[in-house]
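Okay, structure first, notes after.
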Amino acid sequence: MPFKRPLSSNLSMPMTPLEELRHSCSHVLATALLRVFPDAKLDIGPPTDTGFYYDVDLEHKLTTDDLARLEAEMKKIADENQAFTRKEVSRDEAIAIIQGIGQERYKLGRLADIPEGEKISFYQNGEFVDLCAGTHVRYTSKLKAFKLLSIAGAYHRGDEKNKQLQRIYGTAFPSKDELANYLTQLEQAKLRDHRKLGRELKLFHIDEDVGQGLILWTPNGAVIRQELQTFISEELRKQGYHQVFTPHIGKLELYKTSGHFPYYKESQFSPVIENDSLARAIGENCACGEVFARLEAVSGKLRESINQRTGREAITADRVRPDDQLLDGFMLKPMNCPHHIKIFASQPHSYRDLPVRLAEFGTVYRWEQSGELNGMTRVRGFTQDDAHLFCTEEQVAQEVLGCLSLVKIVLTTLGMQDYRVRVGLRDPDSNKYTGDAANWDKAESACREAAKTLGVPFTEEPGEAAFYGPKIDFVIKDVIGREWQLGTVQVDYNLPIRFDLSYIGADNAAHRPVMIHRAPFGSMERFCGVLIEHFAGDFPTWLAPEQVRLVPISDKTLDYARGLLARLKAEGLRATLDEHSDKLGAKIRRAELDKVPYTLVIGQKEAEAQSVSVRSRARGDEGVMTADAYIAKVKAEIAARALPDKKKAAPASP
RNA sequence: GCCAACAUAGCUCAGCUGGUAGAGCAACGCUUUCGUAAAGCGUGGGUCAUCGGUUCAAAUCCGAUUGUUGGCUCCA
């Protein structure tokens, strides 16, 4: 859950009334916790965007039954109508109070976080005292509508090296109605979860035997992906991109040159070692550790050239091995850039050629932690709608702008208006970045300027940059409020140096191009996952796996329906015919549950008049029209990539 | 990877404290030929995630493994 406030008790901003309410709930939760479990050691309990939590260190493993107990105790505390009182104390007094209540384990550390000179305050309600800057409601009776939701593990201070505490999540609202509203909203949201819809609408499948986080696109999902790819390919042609294809693997040396191996090996699949090389290593009795060391080793020549070009100790001496000790292998590509770079470098370029824009729906593989995998939105193999632009320094700002406008076209066409833009800048305190500071400054300001032109609010986020350059990310929320990064535009001054890229300028001298990485969808998998939730499975006709369902009223009109089906298919429409011997109502119901945009009802009247009775999923019964008129209408709708009309009132629950 | 919960038919789920598996929907067959969200009857389908243990007996208890879910950490 996103939590934007600083976690220290030093809150620079005053709390909103809702945050105050929720934070007060945290304290009441802590009060209840200590009543039920007197040995609980408390950490912190802030409000969040959607509620509140309290982190607690407790021998007893909390269960959902405990949640009910705690909630009942919280209700009692609210009924006791305890007053929240504030007391400011000196640091020594604070230590004494914390020791007095036996909460030294975490609270002393939290106290130490408060800078010298800041006020130190405690809040008390009933018997419970907590180090806290506030603020709070005046009385616990103000807390009328709260609910404990879940228990989760959370590392103390968010550091996986620390002890994992138990976090109790809850939410609270000013009124019972608002709380009930929120809870039904949560239920509603679950109905459009892409994992649920993906199964129901047969869009994708993840199979245990194939592997975690590996998406199998079933026929219906494949249609959506294919339509999206066609759509974006059209836009790319308009904007002067060239389509390329590259393989799924590349030699380790390639990634040693780019710097992605071994520095990011934690998030990569292990290298694939050739049979011969492996046999040789085994023949030399290499232990496992030695095999890995040889895989990671580089030649003196590579080290020298990279270090010279980057002007720093990019590859340290200890990684160098004599050539006969280098073990070669292949990597499943974790990104497409090196392959595209090699295409660019395969021929000389004049400044007149630039920008060179190479695009590919490129599949990449990343070793994500198992706990992070999530349906289509976090996977281990995915296809980026990737492109790399090679341009001059002067063209950077213009090209970044072009990339942003592409992202905007995509999101507008799909009706996705609710997104935020994040400009990722480097963390000034970190040294993980490559490339020199002057170039970084230039790239960062180009991104900032481009983002300003979008007309959408954006935030600058230090530390969010890629290791090779600053970036602009488009972030969209899923149905349960989790944020996912989709489109991205990243400036890169680093890889052109590492790969020694050049072009010939007007001055007849070699110059270094700048690279821009960009992917408007981000990945087809994540984008489709978010898209399923965005449309709740009700795809616009151009994307719908099945666009038209023919529903004959009885077998008597089957022949006409079959002829019509053949015609619709010949017109390029994705149509099917329901040949079940059910009543009309049942066939309509089935088409609605399958979320087919158009159902054509065909009875005697229609067969005689060569017409169809059109039922739109979005707009209901649209009456009878000739088959010709219908075909023209739906083809126009598809060609325009029209969005579905406003939903009619929800039907009786299925 | 960590904490916790969960895993029974294609799907949604029942099966209490151990006595060898059940419903609805879906599928298939027959009857019905129907005008805008569910016609009737019948049939088939499960090594209860996997492996091991306890027991006369395990879907049920215990352990491991795999996977899923919610968080945490991570995301070039």
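Base contact: A/Gln268 has a heavy atom under 4.0 Å from a base atom. Nucleic acid contact for A/Asp582: base, since at least one base atom lies under 4.0 Å from a heavy atom of the residue. A/Pro334 comes within 4.0 angstrom of a nucleotide base, judged by non-hydrogen atoms across all strands. If you check every strand for non-hydrogen atoms under 4.0 Å, A/Lys587 touches nothing.
Among the nucleotides B/C75, B/G1, B/G35, the one closest to any side-chain atom of A/Gln369 is B/G1. Of the candidate nucleotides B/C75, B/G70, B/C72, B/C75 has the atom lying nearest to any side-chain atom of A/Glu368. Looking at the side chain of A/Arg589, the nearest of the listed nucleotides B/A38, B/G67, B/C3 is B/A38. Closest to the A/Arg615 side chain, of the nucleotides B/A39, B/U36, B/G71, is B/U36. Counting only heavy atoms from C-beta on, A/Ala152 has its side chain closest to B/G70 among B/A76, B/C34, B/G70. Considering only the side chain of A/Lys471, B/A76 comes nearest among B/A37, B/A76, B/C34. Comparing B/C34, B/G71, B/A76 by their closest approach to the side chain of A/Ile553 singles out B/C34. Of the candidates B/G70, B/G35, B/G71, B/G35 carries the atom nearest the A/Ser613 side chain, counting heavy atoms from C-beta on. Candidate nucleotides B/A37, B/G35, B/A76 were compared by shortest atom distance to the side chain of A/Arg617, and B/A37 ranks first. For A/Gln212, the side-chain atoms get nearest to B/U68 when compared with the rest of B/U68, B/U33, B/G70.
When both distances must be under 3.5 Å, the Watson-Crick or G-U wobble mate of B/C6 is B/G67. Base-pair partner of B/G42: B/C28 (Watson-Crick or G-U wobble, both distances under 3.5 Å).
Using a 4.0 Å cut-off, no side-chain N or O of A/Gln166 falls inside it from OP1 or OP2 of B/A4. Of the side-chain N and O atoms in A/Arg199, none sit less than 4.0 angstrom from OP1 or OP2 of B/C11. Side-chain N/O atoms of A/Asn494 include none lying less than 4.0 angstrom from OP1 or OP2 on B/A76. A/Tyr169 has a side-chain polar atom (N or O) that falls below the 4.0 Å cut-off from OP1 or OP2 of B/C72. For A/Arg380, no side-chain nitrogen or oxygen approaches OP1 or OP2 of B/C74 to under 4.0 Å. Between A/Ser370 and the phosphate of B/G1, there is a side-chain N or O to OP1/OP2 separation shorter than 4.0 Å. Taking side-chain N and O atoms only, A/His156 has no distance below 4.0 Å to OP1 or OP2 of B/C72. Contact check, A/Arg590 against B/A26: no side-chain N or O comes under 4.0 Å of OP1 or OP2. Put simply, A/Lys265 has no side-chain N or O that comes within less than 4.0 Å of OP1 or OP2 on B/A76.
In this structure, CG of A/Leu186 is placed 17 Å from P of B/U69, rounded to the nearest angstrom. Taking atom CD of residue A/Glu208 and atom C1' of nucleotide B/U66, one finds them 5 Å apart after rounding to whole Å. To the nearest angstrom, P of B/A7 lies 20 Å from CD1 of A/Ile206.
By the 4.0 Å N-to-carboxylate-O rule, A/Glu622 lies too far from A/Arg615 to be salt-bridged with it. Comment: A/Asp582 engages A/Arg590 in a salt bridge, judged by a side-chain N to carboxylate O separation of less than 4.0 angstrom.
Nucleotides B/G63 and B/C72 place their C1' atoms 26 Å apart, quoted to the nearest Å. For B/G19 and B/G45, the P atoms lie 25 Å apart once the distance is rounded to whole Å. Going from the P atom of B/C30 to that of B/G15 covers 37 Å, rounded to whole Å. Spacing between B/U31 and B/G70 at atom C1', rounded to whole Å, works out to 49 Å. For the C1' atoms, the distance linking B/U60 with B/C74 amounts to 38 Å, nearest Å. B/A21 and B/U50 are spaced 15 Å apart, taking the P atom of each and rounding to whole Å. Comparing B/A59 with B/C6, their C1' atoms are spaced 15 Å from each other, to the whole Å. For the C1' atoms, the distance from B/U66 to B/G18 is 26 Å, rounded to whole Å.
A side-chain donor-acceptor contact under 3.5 Å links A/Lys256 to the backbone of A/Leu295.
The local environment of CD in A/Glu59 is sparse, with at most 12 non-hydrogen atoms from other residues, nucleotides or ligands closer than 6.0 Å. More than 12 heavy-atom neighbours from other residues, nucleotides or ligands sit within 6.0 angstrom of NZ on A/Lys595. Within 6.0 Å of NZ on A/Lys633 lie more than 12 heavy atoms contributed by other residues, nucleotides or ligands.
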Checklist entry - Can A/Arg157 and A/Asp113 be said to form a salt bridge (charged side-chain N to carboxylate O under 4.0 Å, His left out), step by step? => result CA-CA 12 Å; A/Arg157 293 185 185 277; A/Asp113 291 343; 2.9 Å; yes
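A/Arg167 forms a cation-pi arrangement with A/Tyr53, by the criterion of a distance under 6.0 Å to the ring centre and an angle within 45° of the ring axis.
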